[in-house]
Amino acid sequence: MKQLKTELVNQRKIAASIYEAVLYHESIDDQFKPGQFVHVKAGAGSDPLLRRPISICHVDPEEHLLTMIYRAEGKGTNLLKNEVPGAVIDILGPLGNGFPVDEVKSGQKAVLVGGGIGVPPLYYLSEKLRERGVAVHHVNGFQSKESVFYENEFKELGPLTITTADGSYGESGFVTSQLDLSFDYLFACGPSPMLQALEAYRSKGKVYLSLEQRMGCGIGACLACVCHVHGSDLAYRKVCSDGPVFEAGEVVL
Amino acid sequence: MKQLKTELVNQRKIAASIYEAVLYHESIDDQFKPGQFVHVKAGAGSDPLLRRPISICHVDPEEHLLTMIYRAEGKGTNLLKNEVPGAVIDILGPLGNGFPVDEVKSGQKAVLVGGGIGVPPLYYLSEKLRERGVAVHHVNGFQSKESVFYENEFKELGPLTITTADGSYGESGFVTSQLDLSFDYLFACGPSPMLQALEAYRSKGKVYLSLEQRMGCGIGACLACVCHVHGSDLAYRKVCSDGPVFEAGEVVL
Amino acid sequence: MSRLTIELPGLSLKNPVMPASGCFGFGREYSKFYNLEKLGAIMVKATTQEPRFGNPTPRVAETSSGMLNAIGLQNPGLDNVLQSELPWLSQYDVPVIANVAGSTIEDYIAVSEKISKAENVHALELNISCPNVKEGGLAFGTVAETAYEVTKEVKKVSRVPVYVKLSPNVTDIVSIAKAVEKAGADGLTMINTLLGMRIDLKTGKPILANGAGGLSGPAIKPVAIRMIHQVSQEVSIPIIGMGGIQSAEDVVEYFLAGASAVAVGTANFVDPFCCPTIIEDLPPLLDELGVNHINELIGRSWKNEWTLQSSSR
Amino acid sequence: MSRLTIELPGLSLKNPVMPASGCFGFGREYSKFYNLEKLGAIMVKATTQEPRFGNPTPRVAETSSGMLNAIGLQNPGLDNVLQSELPWLSQYDVPVIANVAGSTIEDYIAVSEKISKAENVHALELNISCPNVKEGGLAFGTVAETAYEVTKEVKKVSRVPVYVKLSPNVTDIVSIAKAVEKAGADGLTMINTLLGMRIDLKTGKPILANGAGGLSGPAIKPVAIRMIHQVSQEVSIPIIGMGGIQSAEDVVEYFLAGASAVAVGTANFVDPFCCPTIIEDLPPLLDELGVNHINELIGRSWKNEWTLQSSSR
Ligand SMILES: Cc1cc2nc3c(=O)[nH]c(=O)nc-3n(C[C@H](O)[C@H](O)[C@H](O)COP(=O)(O)OP(=O)(O)OC[C@H]3O[C@@H](n4cnc5c(N)ncnc54)[C@H](O)[C@@H]3O)c2cc1C
Ligand SMILES: Cc1cc2nc3c(=O)[nH]c(=O)nc-3n(C[C@H](O)[C@H](O)[C@H](O)COP(=O)(O)OP(=O)(O)OC[C@H]3O[C@@H](n4cnc5c(N)ncnc54)[C@H](O)[C@@H]3O)c2cc1C
Ligand SMILES: Cc1cc2nc3c(=O)[nH]c(=O)nc-3n(C[C@H](O)[C@H](O)[C@H](O)COP(=O)(O)O)c2cc1C
Ligand SMILES: Cc1cc2nc3c(=O)[nH]c(=O)nc-3n(C[C@H](O)[C@H](O)[C@H](O)COP(=O)(O)O)c2cc1C
Ligand code: FES
Ligand code: FES
């Protein structure tokens with residue numbers, strides 16, 4: 001974990017309210033793993049105060065570039081989207097424990113399921129799985145046509161099914177309607193109801209879910225982001241430092 | 001008075017901690033008068049919260065440009081100095097009542113006395129007096145050599161005496177040590193002790209002083225910036241809207 | 001814009017947004033920027049029996065997302081307000097809420113009786129919570145008994161409904177709110193400023209000449225929301241909420257907490273056009289939230305279990 | 001760095017900067033970023049007799065220049081703290097201040113007695129002001145009599161000096177400070193968080209699962225400065241100040257107000273290196289202000305009429 005004053009190299013809008021930002025810092029390298037996140041400070045001054053957790057979407061270790069994709073929603077992300085190339089973006093990272101890439105073997109089959117703004121970390125994961133010779137199938141769900149992003153990027157890595165809740169693009173409905181696939185591993189990131197629905201797929205293979213939680217510190221000190229461990233009133237995990245990726249069945253969603 | 005989202009065209013450091021910023025907005029014209037000020041919002045978000053009053057140092061009505069000079073001291077001005085060309089700077093202005101330029105007649109003699117960051121409005125004043133054919137003499141006082149700015153700019157408008165408190169440049173000591181001059185008008189802007197010392201020159205001619213006060217609204221509504229009127233417990237003037245320029249003897253310094 | 005109308009004791013508001021007392025003078029300055037009739041109402045600067053110069057300067061200091069003020073109730077006094085300020089304001093068709101301050105109960109009674117007779121004064125706001133006057137003000141607002149007393153006496157003489165402005169600088173705001181309700185208050189306005197201080201590193205002394213001052217602005221909004229959430233569940237008189245409001249979103253948050261109207265103070269200094277802007281932004285925001293009339297939002301955070309719209313990732 | 005040393009009851013501090021309770025766990029996480037021995041002391045997370053899971057999530061919400069938290073005193077319980085956390089921390093040569101919480105006086109006594117015997121615990125901080133537990137906590141801190149009572153009982157059993165953490169959610173903080181001083185407290189720590197709330201527009205409900213929570217961060221600094229300015233003039237025990245500290249300048253402001261040491265809470269979340277950075281920034285700042293030793297600054301805002309340095313335009 002380092003505090004890096006990165007340089008914003010490039011920023012563009014890639015879908016409705018969705019922005020892709022590329023950051024440069026000489027310390028950015030392959031220590032930044034799929035499923036980990038960076039904690040981003042938006043704006044100078046103390047309003048907004050807290051950092052924003054944003055997943056790592058892609059890393060170029062040679063050029064020391066990190067790509068993140070975010071939805072401009074509230075105060076912090078709306079400030080971020082107004083930053084211009086050359087601006088200094090203060091990030092902490094890499095934080096958390098990512099997906100267990102090393103566990104998956106060449107030739108195995110992985111399904112990657114993303115919902116909305118949960119899609120970005122799966123891009124980096126897919127890249128790394130492909131490097132290992134894993135067959136990757138993607139199922140990405142969005143609200144509507146306007147919010148779809150990275151369609152071509154994912155297609156280059158493996159088959160892609162897109163669903164939209166309003167049926168305006170790809171298959172109509174939720175990602176879970178498109179999951180009659182066999183797999184060795186299922187990796188998912190998205191809204192809680194989606195993750196809850198995916199817990200059932202544990203019977204079919206190994207399932208890893210990336211969770212979201214409101215955070216204070218992002219490094220495990222403040223206990224803002226805890227979740228219960230199944231079968232105990234007191235045992236807990238911290239999403240920021242024990243997760244955000246957990247094996248399905250470990251923690252209560 | 002208008003709220004303008006200006007564009008920062010250019011910004012440069014011109015002395016120790018002193019910055020010159022040039023703003024563009026199509027509404028900037030000669031309605032912006034010498035001695036008036038603009039109320040500048042620094043940073044996005046609500047920290048810092050209040051606007052900063054900064055004097056108008058020069059206006060180019062054809063190009064719709066406004067120049068201001070400020071010292072990066074606290075939270076707001078230090079944010080401002082980090083803005084890069086292209087940034088949007090939100091200002092309110094023009095505010096307040098400036099120097100009575102129209103009162104001074106061609107051929108009359110004016111002395112302009114500036115102290116530190118009180119110097120900038122006198123540049124614009126001097127330009128306007130020159131246009132009217134007034135003979136202008138400048139006396140600008142600074143802390144030390146490193147903080148001197150606009151020496152050549154002032155010299156082009158008329159004789160200039162520079163004083164520094166530590167004697168590292170120009171005459172040693174305060175501006176008041178360099179005022180054995182005759183004048184019809186004396187205009188001054190600078191720290192309170194300087195203005196208090198200049199009140200005595202009322203015997204020699206007309207004296208107008210530009211005051212400073214911590215402000216809330218900047219438009220006369222909140223009563224943050226009041227000063228007493230001589231000879232009354234209750235009568236008052238608002239520095240923001242009745243001033244910042246007052247004739248010496250009107251208000252209690 | 002009938003989606004924004006609100007009926008409160010003495011006040012038929014075309015919209016629930018009004019400038020807060022002390023942050024808008026008597027309206028003269030802001031009338032140069034927009035038509036004051038756009039406002040739901042106007043809460044004018046505190047009026048005392050005699051003219052007051054107020055505290056020495058500096059009277060304001062900035063804090064993170066807030067500001068301190070110690071104006072000290074500067075105002076031209078009751079007679080001048082009645083003869084000059086209120087008649088000037090009467091050219092606008094907008095209800096005025098007169099803010100009444102004093103050092104003794106007698107002061108409050110005297111000012112309230114006379115000012116409540118002014119034609120365009122539709123309600124009084126009893127400022128029993130000003131932190132910036134040594135003699136009284138705050139003390140009235142921090143003790144339930146005196147708050148009760150002054151409210152009751154003023155109710156006897158006022159020709160118009162009486163709103164009482166509560167101080168947040170108390171251990172138990174609910175007990176004070178209940179006391180003034182029992183005394184006959186028609187409504188509450190809350191919150192006044194939190195007591196705060198800043199010290200100048202260079203001089204080693206407080207920035208404000210007065211020492212301490214009142215903290216306002218976005219910094220105090222969560223305290224106000226919490227107090228309104230508490231109080232609105234315990235009283236049955238309406239609340240006009242204030243503290244850090246800057247946007248239509250903030251207004252909705254106040255309504256959800258339990259306010260029936262809102263006032264905007266410090267934000268006027270940052271953006272003189274903020275009140276009309278907020279008023280314009282409300283209808284589209286109601287659309288987004290799927291709400292027909294703003295009054296459906298009042299107290300929804302505690303009233304029942306309905307949900308405006310489920311949040312989606 | 002001897003310009004920064006401070007002697008307080010039980011605490012010989014190499015510098016006056018320590019992390020605030022609950023914002024630093026038991027130090028494990030931050031020990032990965034820097035050597036904990038750089039710190040003046042460490043205020044560890046509240047310890048209760050039994051382990052606690054705390055409140056449901058969401059437990060934090062952001063506000064302008066602040067944040068709300070309702071962690072609910074999650075901690076592994078006294079036994080685990082004694083057997084695991086404190087021994088782990090003892091590898092660092094840094095004094096520990098143990099934060100003690102409970103629901104009854106008996107809880108406070110039991111935890112205080114045992115935890116004060118731990119070798120590296122140099123002082124206790126009685127958390128009688130936590131806003132996030134229903135049963136007690138805050139109530140102890142808002143009534144002078146109970147604050148007196150709990151302090152007195154704990155003093156009887158504690159092997160180390162006792163600091164009492166004051167709640168800002170009170171009408172009269174001076175009376176509470178005096179009560180705990182009279183009960184034998186060796187020092188005060190102030191302030192704990194202000195009670196606040198934020199409501200989610202989309203759901204219409206409070207963002208925090210707990211409803212209300214404690215407001216911390218720069219937003220509350222002016223309230224803390226005001227309270228320390230008041231209290232330090234009325235008691236003769238030292239004060240460890242906290243609330244919104246982010247920089248060396250903030251530390252000096254606290255000293256001028258009357259604090260003898262400071263704690264940094266929320267700022268650790270924004271910048272995990274903020275404590276060592278502040279400590280490094282202090283000596284040059286003292287130079288700028290023409291001050292030899294930081295203890296010369298304590299209470300200077302009210303102690304006498306000297307001026308640090310005249311401000312120049
Ligand atoms: C591990 C992790 C990875 C994430 N990766 C991404 C990503 O790659 N792209 C992306 O767009 N979003 C991602 N999110 C969600 C993202 O953090 C929030 O959308 C963002 O913090 C909202 O900030 P804001 O300024 O828009 O909203 P505001 O409403 O201003 O936020 C206020 C506060 O609430 C917190 N908050 C609000 N919504 C969320 C949320 N959904 N999850 C956690 N905290 C929240 C903010 O961090 C902040 O502290 C991730 C969240 C987590 C926990
Ligand atoms: C009419 C007028 C014209 C001015 N013109 C200029 C100018 O041309 N160039 C320039 O450098 N400065 C000028 N000043 C002073 C300038 O406003 C302050 O230096 C500036 O506000 C400080 O802001 P900050 O962010 O650096 O300091 P901070 O300490 O962060 O400011 C905190 C608060 O205090 C106020 N404040 C602090 N110092 C002063 C001060 N000296 N006067 C008024 N308010 C203050 C700020 O406006 C802000 O509200 C002028 C002041 C006035 C009243
Ligand atoms: C400069 C200033 C002057 C104020 N004067 C008064 C006043 O005269 N009477 C009063 O009841 N409240 C007064 N207040 C308090 C406001 O009406 C309001 O309650 C408070 O500022 C919180 O709202 P805000 O955060 O929107 O400013 C004043 C506030 C400010 C900032
Ligand atoms: C997440 C969080 C947890 C806290 N937990 C405790 C606690 O366990 N015990 C305690 O006495 N104070 C606790 N506090 C209060 C802090 O110690 C401190 O008094 C307060 O946050 C003000 O300081 P700050 O503005 O620097 O954060 C907590 C604060 C935060 C933000
Ligand atoms: S965010 Fe602080 S422990 Fe996870
Ligand atoms: S700054 Fe508000 S009246 Fe002058």
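Naming convention: chains lettered A, B, ... in sequence-line order (proteins, then strands); numbering from 1 in each chain.
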Quiz item: Roughly how far, to the nearest 0.5 Å, is CG of B:L50 from OG1 of C:T266?
Solution: 8.0 Å
Quiz item: For B:K2, is it the side chain, the backbone, both, or neither that has a heavy atom closer than 4.5 Å to a heavy atom of chain C?
Solution: neither
Quiz item: What's the spacing between B:L223 CG and C:N55 CG if we round to 0.5 Å?
Solution: 11.5 Å
Practice problem: Return yes when atom CZ of B:F174 has more than 12 non-hydrogen atoms of other residues, nucleotides or ligands closer than 6.0 Å, and no otherwise. | Solution: no
Practice problem: Kindly indicate, with the supporting measurements, whether the criterion side-chain hydrogen bond (donor to acceptor under 3.5 Å, both in side chains) is fulfilled by C:E29 and B:S241. | Solution: CA-CA 10 Å; C:E29 292 77 18; B:S241 54; over 6 Å; no
Exercise. Let me know if C:F26 has heavy atoms under 4.5 Å from chain B in its side chain, its backbone, both or neither.
Key: neither
Practice problem: Taking all non-hydrogen atoms of both residues into account, name the closest pair between C:P218 and B:L49 and its distance. | Solution: CD-CD1, 3.9 Å
Self-check item: chain C interface, residue from B:C227, B:C222, B:G76 that has the most non-hydrogen pairs under 4.5 Å
Solution: B:C222
Exercise. Would you please test C:R59 and B:V226 for side chain to side chain contact (heavy atoms under 4.5 Å, CB included) and show each step?
Key: CA-CA 9 Å; C:R59 292 176 170 188; B:V226 298; 3.3 Å; yes
Exercise. Could you check C:L208, C:T57, C:I207 and say which one makes a side-chain contact (heavy atoms from CB on, under 4.5 Å) with B:R214?
Key: C:I207
Quiz item: So which part of C:P58 gets closer than 4.5 Å to some heavy atom of chain B, the side chain, the backbone, both or neither?
Solution: both
Self-check item: Straight-line distance of C:R28 CZ to B:I219 CD1, nearest 0.5 Å
Solution: 14.0 Å
Exercise. Measure the spacing between OG of B:S232 and CZ of C:F53 and express it to the nearest 0.5 Å.
Key: 9.0 Å
Exercise. Could you have a look at C:C23, C:G66, C:G244 and say which one has the most heavy-atom pairs with chain B under 4.5 angstrom?
Key: C:G66
Quiz prompt | Heavy atoms from other residues, nucleotides or ligands near NZ of B:K41 exceed 12 (cutoff 6.0 Å) | solution = yes
Practice problem: Give a yes or no on this: more than 12 heavy atoms of other residues, nucleotides or ligands lie within 6.0 Å of atom OH of B:Y24. | Solution: yes
Self-check item: CG on C:D271 to SG on B:C217, rounded to 0.5 Å
Solution: 13.0 Å
Practice problem: Answer with side chain, backbone, both or neither: which region of B:D90 has an atom nearer than 4.5 Å to a non-hydrogen atom of chain C? | Solution: neither
Quiz item: Any chance NZ of B:K145 has more than 12 other-residue heavy atoms, nucleotides or ligands included, within less than 6.0 Å?
Solution: no
Self-check item: B:L234 vs C:E50, side chain to side chain contact (heavy atoms under 4.5 Å, CB included): CA-CA, chis, key distance, verdict
Solution: CA-CA 11 Å; B:L234 279 170; C:E50 301 301 325; over 6 Å; no
Practice problem: Would you sort out whether C:S65 and B:D47 count as a side chain to side chain contact (heavy atoms under 4.5 Å, CB included), showing the intermediate values? | Solution: CA-CA 5 Å; C:S65 295; B:D47 177 46; 3.8 Å; yes
Self-check item: Top of C:G25, C:G27, C:S64, C:P56 for chain B proximity - count of heavy-atom pairs under 4.5 angstrom
Solution: C:S64
